Amino acid sequence: MAITATKTSPYISKSKFLMGLQCPKLIWNVYNAKNLIPEPDATQEAAFAQGHQVGELAKQLYPGGIEVSTGTNDFDQVLQWSLEATKARKTLFEAGFAYGGGFARVDILSPAGKDAWDIIEVKSSTEVKDVNLLDLAFQVHVITGTGLKIRSCILAHISSDFVKSGTIDPHQFFVLEDVTSQISTLSRSIESKLDEMFGTIRLRQCPEIQIGPHCNNPYTCPLHDHCWGFLPEANVTTLYRGSAKGFKLLSKGTTALADIPDDFPLTDNQEIQRRTAQTGQPHIDKPAIKAFLSQLEYPVSYLDFETLGTAIPLFDGVRPYQQVPFQFSLHIVRSPGAEPEHHKFLAADANDPRPAFMRSLRDALPAEGSVVVYNASFELGRLKECSDLMPEFRPWVNSIKRRIVDLLLPFRGFRYYHPRQAGSASMKAVLPALTGKGYDHLDIQDGTTASLQFMRAMFGGISAGEQAAIRQQLDDYCHLDTFGMVRIVAALDSLVE
Ligand code: SF4
């Protein structure tokens, strides 16, 4: 539950502290121009919900723990209840503490020895990141400031080796990593960092901070669109594999790709970006495109998967975050110039979709000819995982591997590049740039939304009518992923005729 600071001097919570570390401009705006901070979108909301589920599972590691602040968002009450609860010497969930302007809500606080505590921070990731340590150091600074003793600092993160088999055992699911020694060093720096942040928050004017790599590290800043909005469409931050060069150019006042000075060192692909930005015309390497197209053998099958990946696996035999395919679209062009024929699969219920997915695909996919995908490693990876689970499919999967043609390659290799791609070789950038038709008219426009909507349809307890609407939207989206590939190949063909 969100806590609202009620003091004239604002408290800095652990999430705001991390924002302050990322950028002074961000924390200033959080406290002085909150209206600029957008509400979380559906993807972020889903990530929060997933984090909450992981947190709930972690509580099972400490049976008998007390939920400290359930049922209130009154700041002072949370603090009072939490301090009182420490007297019981029981494990506490979500206890809240304040000290020196910092406010920390602790995932799990477990009594250790006679008068100390272990602090356990639960993370939905499969590894410890630097930002997790700073988060924990902030909590230790606040808690020890209130007079409590901390014995150990533990990060409970998800084990990447975990594979679901029946009911999930939290002891198998989590890795408890003792990071006490790192935290004791880091927590000494927290006080001065907090002082600095309060100084920033109290400034009358927003600090002038240039955009840079910090805007996406460790998280994409919520003010990203606001701060980056001044850049022209074809701007220097879109240089292919050239982030550092882009920011160097920005610092010298060059924002547009077309204005990059002639003597500025660029790679061949970046040079293509500069030239096409200046001319507005695409770069077309006809011999390379011809060679690419000459690999295609009919019937040509255009194939795309949609997948879901959750922190807590939904099905047996699945690892945390493993991508489980629930949908495919397949367009088959039997001979040059023939009308594409469409086949599709979309899981019917909330059971493991993989057996039916694999059977449907095996039935629909021609036994010969090329199989065109966009970013082959993704589809091949899913097929391999499915055949590991269902070895009867292995010979068939092996026979597909030899027939795969990756349509990403000519674009990633800049064999074709249109300035509207803005440095991206993704299907979402290439399709509209090359064919003039994109995803804008669809309700679902990307794979993440497809996954979230499928989960909503299957597990969200929505009406049959809403489910049917979502299934139609998923069909439309996945259909365009493969029909788009048909169009891209046709467009490439016409370029080299
Ligand atoms: S987008 Fe970048 S510069 Fe702007 S507030 Fe965020 S981190 Fe700071």
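Note that the coordinates shown come from a computational prediction; the quantities given were computed from them, not determined experimentally. Just follow the structure's listing: the first ligand is 1, and inside any ligand the first atom is 1.
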NZ/NE/NH1/NH2 to OD/OE distance under 4.0 Å, D440 and K428: no
With sequence neighbours left out, which residue pairs that include part of residues 125-143 fulfil the side-chain hydrogen bond (donor to acceptor under 3.5 Å, both in side chains) condition? E121-Q139, K123-D135, D135-Q139
Positive for side-chain contact (heavy atoms from CB on, under 4.5 Å) with L314, one of M455, M458, Q322: M455
Sorted by chain and residue number, which protein N/O/S atoms are under 2.8 Å from atom 2 (Fe) of ligand 1? C215 SG
I need the full list of side-chain hydrogen bond (donor to acceptor under 3.5 Å, both in side chains) pairs touching residues 252-263, with sequence neighbours left out, sorted by first then second residue. none
E196 and K193: salt bridge (Lys or Arg N to Asp or Glu O under 4.0 Å), yes or no, with the steps? CA-CA 5 Å; E196 215 175 297; K193 288 188 164 74; over 6 Å; no
Pairing residues for D476 by the side-chain hydrogen bond (donor to acceptor under 3.5 Å, both in side chains) criterion, not counting sequence neighbours: Q472
